[in-house]
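The next block holds one structure in the form of structure tokens; read it before the comments.
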Amino acid sequence: MDEKYFAQKIERKWQQRWAERRTFEAEIVDDKEKFYCLEMLPYPSGILHMGHVRNYSIGDVLSWYKRLQGFNVLHPIGWDSFGQPAEQAAIKKGVNPRDWTEENIKIMTEQLKSLGLSYDWSREIAAHRPEYYKFDQWFFLKMLEMGLAYRKDSEVNWCPKCETTLSNEQASGGVCWRCGTQVEKQTRPQWFLRITKYADELLNDMSGIEDGWAERVLTMQRNWINKSVGANIKFQIANFKYRSEELAEEKVSFIEVFTTRIDTIYGVNALVVSPDHPFILEEFGVFPDEVKSKIEAIRVEQAKPKDYDDEIIKDGIDTGMKAVNPFSGGEIPVWVGNYVMMSYGTGAVMSVPGHDERDFEFARKFDLPIKQVIEPQSHRNGEEEVQPQINTDKNGLEKDSDKSQITEAFTEKGVLMNSGDWSGKLSQRAIREMTKFAESEGFGEGSTTYRLRDWGISRQRFWGSPIPIIYCDACGAVPVKFENLPVELPESAPFTGVGESPLAKVPEFVNTNCPKCGEKAKRETDTMDTFVDSSWYYFRYCDPHNSEMPFDSEIINYWMPVDQYIGGIDHAVMHLLYTRFWTKVCNELGLVDFVEPAKRLLTQGMVVTESFYSNKNESYVAAEDVKIERDKSGKVTGAKLKFDGSDVKIAVEKMGKSKLNGIDPNDMISIYGADSVRIFSMFAAPVENELVWLETGIEGAVRFIQRVWRYVFKWTTENEKWKMPESDSEIGFSADAKKLRQKTHQTISRITENFESGQFNTPVAALMELSNAMYDFKVEPETANDGDLFAVREACECLILMLTPYAPHVAEELWEAVSGSDAGILESNAKFPIADAEVAKETEVEIVVQVNGKVRSRVEVSADISKDELEQTALADERIIEYIDGRNIVKVIVVPGRLVNIVVR
RNA sequence: GCUUGGGUGGCGGAAUUGGUAGACGCACAGGACUUAAAAUCCUGUGUCCCUUGUGGACGUGCGGGUUCGACCCCCGCCCUAAGCACCA
């Protein structure tokens, strides 16, 4: 038996054993409760980074904890292996994306295994392998059948020089990433998935997962979907101005607006429409030149990528046309405004400056009339009398109003005023009734709008799942037959980075026959968005080798839904929304019997570290070139460059190559061992917080492991007496042994509570406390009696089992020492310890005695002392007598087990 | 601007959700062991004050409030992170 802790040796040993014994392979066991623990699958970049380490350590801790509690745990891993980096590597280095990807998977598999993560590797999947993407295509065809997949024209980023489409990342800053050419928009037909059909379900089903998902994630999704309930209202065009009457009659004669505040319609001073509004496009030819050029300018300005910091100044132009307010009959001008988007609602708004901030700003800028039609409810209740701020004539427009009186829009709901027969009604009621009225009169209807757009999945890329569609001159877009799936990617393609997608340049792939008529036809050369792969990968883990179906329903309904999903907050919207959508589709297909894929979601914080910036060199410098200066107390006062002593700025930032502060997990593992890396990454911060990776911190984890190691081997090595006595009932325990046992059982209950509430940093602290208590127990193996031995053995066993989730290698090694068997923790059926409340119970407790809320004394009392007795004891305390001397006791508050507060005057 | 988090020693963070603020770790200081160093083991460590004590005052971003008692609840600010952003 080793006396010295040598991480690398035992880690290799146990990783091998786990693999040989297939310790973590999961099977359906009907009478065992299942637990599906899932972490977001990595992209195989070839480099494991600290974010991965953190993500997977969290999942591994939880998996081990659940296993030790007797759950049937599914803990799989796989690869999100389609995507751009592989294709870029192909373009830049001329490698085959498949080889590049497989090589990276090999490298990263080794790295993950060296962390000792308890994955069921037999279920490993990779998105780029045909046996997986076959079912991307299967789902696509199913959605086509269901009417959920459709094709329509849509814009893509286009580089005119490279003649290729670009992703948003490749087009960042509005220029091509390869050649710097100004990026243009190009319209081409693309495939979409109708996620908008599920907008309401995606919102409503949140109620079923609220408890397990972070509020901020759900809020972000809610904002993304952004549902608005309101009405569409038609405003008739009264005057085309630049057209003859006869011509005008042939044209569409109204503009439809979307509003959530129909109750403010008597306050409309203008219609404001988007420069891209169909009505504007149609009428464009007749506008005078100055109007034309202004609209054009607004359109160009609006299309520009927006800078977040810049406040966009309202701009617009009066088209000269007039529309009629269907409620008041008043005539209002039609403007084009830069603040109205064609992509939301109807692309036209009714401008109500008195009750909408944007409209207010617009009206102010162009000196348009502002009219108040809603007043705060309290004003009517007579709590506060106010004069109507604006006088209006019978056309509903203002007269002689002093504009300076209105300084801001009143945007809340209230009571209608200046609104004809509707005046006096409450907003809520008016909205209902006015919508109904508009419907009955035929100029409007209730309407709901979402910001959520359908999901465009077409990518003009090679390295993705081919969309299983064939274009035939006679039959149009024809789906590939199910039995002909998968549509496989060719072995290779010309990767130039310019021109069409590489796939379009492979004739063997493109040319085929129409499945319907058999005539010559061409395949779709677009591939699917990689978010398709990640929308259902964890369904596949449940049944990874099924070649007929994406998965078997019975199997999926055993394992799913996921009990705990763990990943980065960066996926809060896209991935997590898409995968929720996918689940609902599967449910509708009858494949699964649930509608939400994950019961609980944990979003972990980023891993950041110190970076050093040299002002003199105007560049980041590596940590080893920096000398950190501290004052006497250890506070960091500054940093200097080692070579020349010039000042260096310290900042805590995200890790990155360019910042020279990236920390390679491999280096950490080879220096400190996987167990220490895991302990530190869990201990240093709560999982949802940012984790600041400081090299000195990890040494604390190593020290802790070594302390435990030394303690266990001190007691087990060459100790004949190291065997468990039959039962503890006949054993006498010294006061110290009792204290140790108490600490052991208190630690168990603390840690169990922490795990159940998703706290993973505090259990490490509790384990450290327990190990400190073990060192405080001053009995040596040679002089230990049965009771001492029992207490030590119990402490060791419990400590090891509770340490297992964090440091499984060390725990297995120590378990071998205390149990005397090499069976392994799970194989020997060891369970997570259960606290014995009797043993954990404090017999003597220290009670704080306060006078007027300030701690003045402490008394030692028996834990089960009565309230009255406790009060008497406190009042009898010498120090307390001194304090209350001569003063009146007003009240005594007794909190059993905690404190006594004596209120005196 | 809106939404959602967060603000506690030199640092990362604890605090049974209204009951001893600062657990645990890092860093720092002192000591033991050692020829020496590393490792290890003890001790101390929120700030200030004094008569050095189971001493006093202050102390959880700021200002108020509720309460016997507030890091925790309420009101008003400030700062900060993330997301969204002219969404009608």
Side-chain angles (χ1 to χ4, degrees), chain A residues 214-224 226-228 230 257-261 264 272 302 306 308 311-314 337-341 343-352 356-359 361-362 449-451 569-570 572-573 603 605-606 628 630-637 652 679-680 683-686 688-701 703-704 706-707 710 749-750 753 759 761-769 771-772 775 846-859 878-879 890-893 895 897-904:
Chain A
E215 182 54 40
R216 64 173 166 160
V217 172
L218 296 179
T219 307
M220 279 160 74
Q221 294 209 356
R222 243 178 244 121
N223 290 345
W224 186 266
N226 194 17
K227 177 179 180 173
S228 300
V257 304
F258 173 69
T259 180
T260 57
R261 292 296 303 275
T264 64
V272 184
Q302 210 181 40
K306 274 155 204 112
Y308 282 120
E311 203 188 323
I312 302 154
I313 297 156
K314 298 274 176 298
N338 69 337
Y339 70 104
V340 182
M341 310 288 128
S343 56
Y344 190 81
T346 60
V349 302
M350 55 182 220
S351 172
V352 186
D356 181 284
E357 277 164 28
R358 293 152 302 177
D359 296 339
E361 207 185 308
F362 194 71
T449 310
Y450 303 88
R451 193 180 85 110
I569 186 72
D570 37 330
V573 175
T603 46
M606 271 196 322
I628 293 175
R630 295 171 190 281
D631 68 8
K632 252 180 99 183
S633 67
K635 185 182 171 182
V636 174
T637 53
V652 172
I679 287 178
F680 178 64
F683 175 59
E688 60 279 356
N689 281 22
E690 215 170 55
L691 165 61
V692 183
W693 192 278
L694 297 175
E695 194 114 357
T696 48
I698 192 171
E699 281 163 17
R703 275 197 279 267
F704 166 59
Q706 285 174 334
R707 267 167 76 82
R710 279 197 305 272
S749 71
R750 244 175 90 184
E753 267 171 40
Q759 265 189 297
N761 56 333
T762 44
V764 179
L767 290 174
M768 287 170 169
E769 277 186 56
S771 82
N772 290 345
Y775 273 88
E846 193 185 63
I847 300 291
V848 164
V849 185
Q850 299 178 327
V851 177
N852 288 346
K854 286 190 195 289
V855 181
R856 295 304 181 189
S857 184
R858 292 151 208 271
V859 290
E878 277 176 42
R879 290 170 48 78
V890 181
K891 200 172 173 187
V892 180
I893 289 114
V895 184
R898 298 215 182 277
L899 57 72
V900 177
N901 187 12
I902 302 157
V903 187
V904 297

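Since we're looking at a predicted model, the values are computed, not measured. The sequence lines fix the lettering, A, B, ..., with proteins before strands; numbering per chain opens at 1.
For the P atoms, the distance linking B/rC48 with B/rU35 amounts to 40 Å, nearest Å. Taking atom C1' on both nucleotides, B/rA14 is separated from B/rA21 by 10 Å, rounded to a whole Å. Between the C1' atoms of B/rG65 and B/rU3, the separation comes to 27 Å (whole Å). Spacing between B/rA85 and B/rG22 at atom C1', rounded to whole Å, works out to 41 Å. For the C1' atom pair drawn from B/rU67 and B/rU52, the interatomic distance equals 36 Å after rounding to whole Å. If you take atom P in B/rG83 and the same atom in B/rA15, they sit 28 Å apart, rounded to whole Å. Taking atom P on both nucleotides, B/rC26 is separated from B/rC77 by 43 Å, rounded to a whole Å. B/rC74 and B/rA88 are spaced 35 Å apart, taking the C1' atom of each and rounding to whole Å.
When distances are taken from the side chain of A/Leu899 to each of B/rG19, B/rA14, B/rA88, the shortest belongs to B/rG19. Looking at the side chain of A/Val848, the nearest of the listed nucleotides B/rC24, B/rU20, B/rC68 is B/rU20. Among B/rA88, B/rU20, B/rU4, the nucleotide with an atom closest to any side-chain atom of A/Arg216 is B/rU4. With distances taken from any side-chain atom of A/Ala685 to the nucleotides B/rU40, B/rG13, B/rG25, the minimum falls on B/rG13. Comparing B/rC68, B/rC41, B/rC24 against the side chain of A/Arg710 picks out B/rC41 as the nearest. The side chain of A/Ala684 has B/rG12 as its nearest neighbour among B/rG19, B/rG5, B/rG12. The side chain of A/Arg451 has B/rC84 as its nearest neighbour among B/rC84, B/rU16, B/rG83. Ranking B/rA23, B/rA88, B/rG13 by closeness to the A/Pro686 side chain, first place goes to B/rG13. Taking only side-chain atoms of A/Asn761, from C-beta outward, the nucleotide of B/rA14, B/rC68, B/rG83 with the closest atom is B/rA14. Picking from B/rA23, B/rC41, B/rG56 the nucleotide with the shortest atom distance to the side chain of A/Ala765 gives B/rA23.
What separates CD of A/Gln706 from C1' of B/rA39 is a distance of 9 Å, to the nearest Å. Atom P of nucleotide B/rG1 and atom CG of A/Asn223 are separated by 17 Å, given to the nearest angstrom. Rounded to whole Å, atom C1' of B/rC86 lies 10 Å from atom CG of A/Asp359. To the nearest angstrom, C1' of B/rU3 lies 10 Å from CD of A/Glu215. The distance from atom CG of A/Asn338 to atom P of B/rC86 is 11 Å, rounded to the nearest whole Å. In this structure, A/Arg703 atom CZ and B/rC24 atom P are separated by 15 Å, rounded to whole Å. Computed from coordinates, the A/Asn689 CG to B/rG5 C1' distance equals 10 Å when rounded to whole Å. Look at CD on A/Glu361: it is 13 Å from P on B/rC86, rounded to the nearest Å.
For A/Glu878, the salt bridge (Lys or Arg N to Asp or Glu O under 4.0 Å) criterion is met by no residue, not counting sequence neighbours. Remark: A/Glu688 pairs with A/Pro686 by the side chain to side chain contact (heavy atoms under 4.5 Å, CB included) rule, at least two apart or across chains.
Within the 4.0 angstrom heavy-atom criterion, only backbone atoms of the sugar-phosphate kind lie near A/Gln759; the bases stay farther away. Base engagement by A/Gln850 is indicated by at least one non-hydrogen atom pair under 4.0 Å involving a base atom. Nucleic acid contact for A/Val340: base, since at least one base atom lies under 4.0 Å from a heavy atom of the residue. Base engagement by A/Val349 is indicated by at least one non-hydrogen atom pair under 4.0 Å involving a base atom.
For the pair A/Tyr344 and A/Ser228, the tightest heavy-atom approach, listed with the atom from each and the gap, is OH-OG, 2.9 Å. Scanning both residues, A/Asp359 and A/Met350, for their nearest heavy atoms gives OD2-O, 3.6 Å. Of all heavy-atom pairs spanning A/Val349 and A/Val257, the tightest one is C-CG1, 3.7 Å. For the pair A/Thr603 and A/Ala214, the tightest heavy-atom approach, listed with the atom from each and the gap, is OG1-CB, 4.4 Å.
Under 4.0 angstrom from either OP1 or OP2 of B/rG19 there lies no side-chain N or O belonging to A/Lys854.
With contacts defined as side-chain heavy-atom distances shorter than 4.5 Å, the pair A/Val849/A/Leu899 does not qualify.
Ranked by how close their nearest RNA chain B nucleotide is to the 5' end, A/Arg858 and A/Gly853 are led by A/Arg858. Residue order along RNA chain B, read from the 5' end via each residue's closest nucleotide, puts A/Thr219 first among A/Thr219 and A/Ser857.
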Any chance you could lay out the side-chain hydrogen bond (donor to acceptor under 3.5 Å, both in side chains) test for A/Asn772 and A/Arg707, step after step, and finish with the verdict? CA-CA 9 Å; A/Asn772 290 345; A/Arg707 267 167 76 82; 2.8 Å; yes
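In RNA chain B, runs of at least 3 consecutive Watson-Crick or G-U pairs, each pair with both distances below 3.5 Å, span B:1-7 with B:78-84, B:10-12 with B:24-26, B:28-32 with B:40-44, B:46-49 with B:55-58, B:61-65 with B:73-77.
Counting atom types as modelled, A/Arg879 pairs a side-chain N or O with a base atom of B/rU54 as donor and acceptor under 3.5 Å.
Atom CZ of A/Arg856 sits about 11.5 Å away from atom CD1 of A/Ile902, to the nearest 0.5 Å.
Classification of the A/Tyr339-A/Phe362 ring pair by plane angle, with boundaries at 30° and 60°, yields tilted.
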